[in-house]
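Right, one structure below, let's go through it.
These values consider heavy atoms only, across backbone and side chains, with no hydrogens, waters or symmetry-generated copies. Counting starts at 1 for both ligands and their atoms, following the listed order. Predicted, not measured: the structure shown is a model, and the values here were computed from it.
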Amino acid sequence: MIATKQSASAIDKFMQMVEKHNPAQPEFYQAVYEVALAVIPFIEEHPEYKKANILERMIEPERILIFRVPWMDDAGNFRVNRGYRVQMNNAIGPYKGGLRFHPDVTLSVLKFLAFEQVFKNSLTTLPIGGGKGGSDFDPKGKSDNEVMRFCQSFMIELFRHIGKDTDIPAGDIGVGSREIGYLFGQFKRLKNEFNGVLTGKGYAYGGSLIRPEATGYGLLFFVDEMLKTKGETIKGKRVVISGSGNVAQYAIEKTLAFGGIPITASDSNGFIYDHQGIDTHKLAYLLDLKNNRRGRISEYAEAFGCPYFEGQKPWKIPCDVALPCAIQNELDEEDAKKLVANGCKLVAEGANMPSTPKAIEVLQKNRLLYAPGKASNAGGVAASGLEMSQNSIRMYWTREEVEGRLRVIMEMIHEQCIRYGKNADGSVDYVKGANIAGFVRVADAMLAEGHV
Ligand code: NDP
Ligand code: 2IT
């Protein structure tokens, strides 16, 4: 497939339309543009998709809910935030995707996430559509009681719009097991129903083993597949990781399990560089620091006597593999150039859209192996799909069962990327592969379901 002059102008026209109809949504344009670049040339060769205007229909969310979330802080002040749920596409299954609580949340951010989720969920091969939601509420610095009151108020509106066969939220930035517990408790109380309406639940009340680990583990399974195409493994490789939340923590754990050497971790204040590597003992400290004490990454540097770089990102540290696991647009063109100059050979995204378009260009031009998040971080939602299956049959699977299925799913995603992304010279364009493979399944379902 060649990006012809005709498809280049079709892409331009399409993006003009997207920008006109969705004013001031830069993150959404960025996510749509990545898909358009890969999918529009493909559609040019498949008139059935063109005729049915599939891509134009896919960028239009099926439903967006925006609501006020009033809550009271511990000092008795009346507080208010904005809540959202973007129900993007349910052609292949009920809406599925996380909730993000972060001060930078806007409709644009949630639309980009919901749009990417549609393709990601399709790639998992499971029957799940795409959605995303959240709030500009910042759980950082709030007491457990404040977080509980906020979650309860958020659910008082959200509960009418979700359901185990309708829309199944989960966690994302700022929404972990604590928040999911409070959200689930309130849903159960309002509906008088105990079911799998949320995933990422605690094991005591219907959660799946391996769900907390799944995004990070899945990322490393995917990296392993990418390296296999070059006859290599991660053993002995130095791995730069950003973030220190759910995804980063288990990316570090699986890197260690595969014999790699994780050397950095970060939060929104800065990063630590542990030249000797974050070992299992130090990882246990990191998990306690972030999940129980809710402290800052700088404390790791104090505890283990390694350098801490305030206000900086880890991409300047020489490495073989880089895994951005924090937030969108955290790896820009300059960062990509530093990675290339320092000999990095592989970048795989644990976060959603962490690399800017210019950064991706630099990585691909320099022939690094590069995997977009919708392929390489799909392990989290895949395990959520497995949690839904277990809830439906009212059973718990073992760790081995869930991890085994997760591994197979990540291998299948990798195969789909190769199927649609292999270049004539044998190299793999994972961006093209993931976007086309994700598109085809949803598009075929939309064609079959008629003009709805
Ligand atoms: P967490 O809330 O557990 O962790 C988020 C991490 O990102 C924290 O270390 C946080 O630091 C850091 N961070 C937040 N804002 C910024 C910023 N502006 N600059 C730099 N760092 C920042 O979230 P997750 O680990 O769950 O999510 C991380 C990424 O992975 C997100 O992009 C998410 O969408 C994606 N993802 C998550 C999945 C999941 O199952 N959880 C599945 C697939 C993708 P601080 O504590 O200072 O805010
Ligand atoms: O971005 C993501 O895939 C997630 N935050 C996980 C979504 C889910 O439903 O488990």
Side-chain angles (χ1 to χ4, degrees), residues 27 93-105 109-110 112-121 123-124 126 128-134 138-141 167-180 196-201 207-208 210-219 241-252 265-272 286-287 289-291 294-298 300 311-314 323-331 349-355 372-388:
E27 294 86 359
Y95 309 110
K96 177 87 197 88
L99 296 171
R100 176 175 292 190
F101 291 171
H102 189 278
D104 293 347
V105 160
V109 167
L110 295 178
F112 115 63
L113 289 163
F115 185 67
E116 293 227 320
Q117 198 80 45
V118 173
F119 293 79
K120 182 195 307 193
N121 294 5
L123 285 169
T124 66
L126 300 174
I128 41 182
K132 200 88 184 191
D138 186 358
K140 224 180 286 164
D167 183 354
I168 304 92
D172 192 78
I173 294 180
V175 177
S177 58
R178 174 182 62 171
E179 290 75 15
I180 293 291
V197 64
L198 291 158
T199 60
K201 300 184 293 299
S208 174
I210 301 290
R211 175 62 189 91
E213 295 89 341
T215 314
Y217 280 17
L219 175 64
I241 295 173
S242 66
S244 51
N246 174 264
V247 179
Q249 291 168 10
Y250 292 102
I252 293 172
S266 72
D267 60 23
S268 52
N269 291 105
F271 79 92
I272 59 104
L286 182 73
L287 261 65
L289 173 71
K290 284 293 172 183
N291 304 344
R294 298 184 189 275
R296 308 309 299 158
I297 199 69
S298 54
Y300 179 106
Q312 294 182 44
K313 301 183 286 182
L323 306 175
C325 295
I327 199 160
Q328 65 271 7
N329 293 329
E330 58 167 314
L331 197 164
E349 298 180 343
N352 287 308
M353 210 169 76
S355 313
K374 56 172 75 89
S376 49
N377 75 31
V381 76
S384 278
L386 301 177
E387 182 172 331
M388 288 163 66

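Residue contact check for ligand 1: Ser266 places a non-hydrogen atom closer than 4.0 Å to it. The closest approach between any non-hydrogen atom of Ala378 and ligand 2 is not below 4.0 Å. At a 4.0 Å cut-off, not a single heavy atom of Gly176 sits close enough to ligand 1 to count as contact. In this structure, Gln249 has no heavy atom closer than 4.0 Å to ligand 1.
Distances from atom 6 (C) of ligand 2 to the heavy atoms of Lys132, Arg211, Lys96 show the closest one on Arg211.
When each atom of ligand 1 is checked for a heavy atom of Gly350 under 4.0 Å away, the hits are 30 (O), 35 (C), 36 (N), 44 (C).
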Run the salt bridge (charged side-chain N to carboxylate O under 4.0 Å, His left out) check on Lys201 and Glu387 step by step: do they pass?
-> CA-CA 9 Å; Lys201 300 184 293 299; Glu387 182 172 331; 2.7 Å; yes
Please step through side-chain contact (heavy atoms from CB on, under 4.5 Å) for the pair Asn121 and Leu126, ending with a clear verdict.
-> CA-CA 7 Å; Asn121 294 5; Leu126 300 174; over 6 Å; no
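Each of Ile128, Leu113, Asn377 was checked for a side-chain contact (heavy atoms from CB on, under 4.5 Å) with Lys120, and the lone residue meeting it is Asn377.
Side chain of Ser244 to backbone of Ser266: a donor-acceptor contact under 3.5 angstrom is found.
For ligand 2, the polar-atom distance check against Gly171 finds a nitrogen or oxygen pair separated by under 3.5 Å.
Contacts of Asn352 with ligand 2, taken as heavy-atom pairs under 4.0 Å, involve the side chain alone.
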